[in-house]
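Read through the structure below, which is laid out as structure tokens, and then see the notes.
One-based numbering, in listed order, for ligands and for the atoms of each. No experiment lies behind these values; they were computed from the predicted model shown. One-based numbering along the sequence shown.
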Amino acid sequence: MPRGALIVLEGLDRSGKSTQVDRLVARLNAEGYRARLHKFPDRTTAIGQMIDAYLRSTAELDDHAIHLLFSANRWECHSAIEKDLADGITVVADRYAFSGIAFSAAKGLDFTYCLSPDTGLPLPDVTLYLTLSPETAAQRSAYGAERYENVDTQTAVRAQFAKVAEEVARWHGDGRWVEVSAEGSVEEVERDIWGAVKGVMVRVGDEPVGRLWE
Ligand code: DGP
Ligand code: NA
Ligand code: NA
């Protein structure tokens, strides 16, 4: 049985990522693939509840401490993800380690430090990065009330995502990080995402799952 693929969607807030992950899972199912959505942070675990409190600003945490908690939240889910992949189930992740780097490095934490705790996590077969101009972002509905949901943070995060893209190419070669413009309609973005994913589904076959930053 071919293994499932690990497909990550990343993007700034208001890039339409949450809509697109749902549509991608539905599309995969319609094409005959078993697929499951995994949202990060996973706020349902004990660590996830600490992250949730931090994001809603009901708790304050040191920048390094919260960085490690986000990473720990991915590590506590990795065996479930690996089991799904081995069972032939494709995992669509709404955010992953790349958000971890971009959001923490945007605060001024050292980029290499930010990378390190996620070393060895399952390597996404492809990451789709939804891009949005600052102008379009500003035209979309108001940011939510959570920490990070403001123009200055999002601008800094965008710059860090550009560095993350370079790092992915340097470690894992071209083709693992695909930029998808989120400027168009929901249907246009969905079509572009599927255009990038369908080839990956054919390619992964029985290739082993790689390891991030290794
Ligand atoms: P979401 O539930 O997708 O809206 O994500 C919640 C917020 O947390 C969003 O602003 C992005 C941020 N975030 C996601 N993952 C990480 C991470 O690993 N580290 C940090 N510092 N922030 C993250
Ligand atoms: Na958000
Ligand atoms: Na989201």
Side-chain angles (χ1 to χ4, degrees), residues 6-25 37-78 81 91-124 127-132 134 137-138 140-165 167-168 180 182 189 193 212-213:
L6 177 55
I7 299 166
V8 171
L9 265 77
E10 289 278 13
L12 298 176
D13 291 298
R14 292 198 292 180
S15 59
K17 188 171 47 58
S18 297
T19 303
Q20 293 297 337
V21 288
D22 288 341
R23 288 188 170 226
L24 178 56
V25 170
L37 176 64
H38 202 121
K39 272 185 70 67
F40 285 109
D42 179 344
R43 304 191 195 209
T44 65
T45 69
I47 292 168
Q49 285 165 28
M50 295 169 73
I51 294 171
D52 182 61
Y54 173 80
L55 288 171
R56 289 186 294 102
S57 297
T58 59
E60 291 305 320
L61 278 165
D62 172 79
D63 288 344
H64 297 80
I66 187 65
H67 181 73
L68 297 174
L69 286 177
F70 272 108
S71 178
N73 185 237
R74 289 182 282 275
W75 277 109
E76 66 181 342
C77 300
H78 87 103
I81 290 175
V91 176
V92 174
D94 181 350
R95 299 192 189 278
Y96 200 56
F98 312 115
S99 277
I101 300 163
F103 280 81
S104 289
K107 296 179 197 169
L109 295 193
D110 178 72
F111 190 86
T112 304
Y113 164 82
C114 291
L115 224 93
S116 52
D118 292 301
T119 300
L121 279 177
L123 174 67
T127 298
L128 303 150
Y129 175 55
L130 300 190
T131 62
L132 199 63
R140 295 196 178 175
S141 57
Y143 282 118
E146 288 203 330
R147 197 187 293 263
Y148 302 145
E149 293 183 340
N150 61 77
V151 174
D152 287 352
T153 299
Q154 300 289 318
T155 302
V157 169
R158 175 188 280 105
Q160 295 301 327
F161 267 127
K163 293 175 70 176
V164 170
E167 208 66 14
V168 169
V180 175
V189 177
I193 288 174
L212 186 61
W213 315 134

Distance filter under 4.0 Å to Lys17 heavy atoms, resulting ligand 1 atoms
3 (O)
With only distance considered, is Tyr96 within less than 3.5 Å of ligand 1 through an N or O on each side?
no
Can you sort out which atoms of ligand 1 are near Phe103, meaning under 4.0 Å from one of its heavy atoms?
10 (O), 11 (C), 20 (C), 21 (N), 22 (N)
Indicate the ring-plane relationship of Phe40 and His38, choosing parallel, tilted or perpendicular according to the 30° and 60° boundaries.
parallel
With only distance considered, is Glu146 within less than 3.5 Å of ligand 1 through an N or O on each side?
no
Counting only heavy atoms, which portion of Arg43 has something under 4.0 Å from ligand 1: side chain, backbone, both, or neither?
side chain
Do you see a donor-acceptor pair shorter than 3.5 Å between the side chains of Glu76 and Thr45?
yes
contact_flag His67 ligand 1 heavy-atom lt 4.0 Å:
no
In ligand 1, the atoms that come under 4.0 Å of a heavy atom of Leu55 are 6 (C), 7 (C), 8 (O)
Could you establish whether Glu149 and ligand 1 come within less than 4.0 Å of each other, counting only heavy atoms on the residue side?
no
Does Gln160 reach the main-chain N or O of Phe103 with its side chain, forming a donor-acceptor pair under 3.5 Å?
no
So, the side chain of Arg158 versus the backbone of Leu132: is there a donor-acceptor pair under 3.5 Å, distance only?
yes
Residues which pass side-chain hydrogen bond (donor to acceptor under 3.5 Å, both in side chains) with Thr153, listed by chain and number, not counting sequence neighbours:
Asn150
Which pairs would a plain distance check flag for residues 106-116, meaning a side-chain donor or acceptor within less than 3.5 Å of a matching protein atom at least two apart in sequence or in another chain?
{"residue": "Lys107", "atom": "NZ", "partner": "Tyr54", "partner atom": "OH", "Å": "3.0"}
{"residue": "Lys107", "atom": "NZ", "partner": "Tyr148", "partner atom": "OH", "Å": "3.0"}
{"residue": "Asp110", "atom": "OD2", "partner": "Thr112", "partner atom": "N", "Å": "3.2"}
{"residue": "Asp110", "atom": "OD2", "partner": "Tyr113", "partner atom": "N", "Å": "3.0"}
{"residue": "Ser116", "atom": "OG", "partner": "Tyr113", "partner atom": "O", "Å": "2.8"}

Say you draw a straight line from CD1 of Ile101 to CG of Asp118; how long is it, rounded to the nearest 0.5 Å?
6.5 Å
Would you say Arg95 has any N or O atom under 3.5 Å from an N or O of ligand 1, going by distance alone?
yes
Within ligand 1, which atoms have a heavy atom of Ser104 less than 4.0 Å away?
21 (N)
Any salt bridge linking Arg43 with Glu146? Criterion: basic side-chain nitrogen under 4.0 Å from a carboxylate oxygen.
yes
Pull out every atom of ligand 1 sitting under 4.0 Å from any heavy atom of Gly100, numbered as shown with elements.
17 (C), 18 (O), 19 (N)
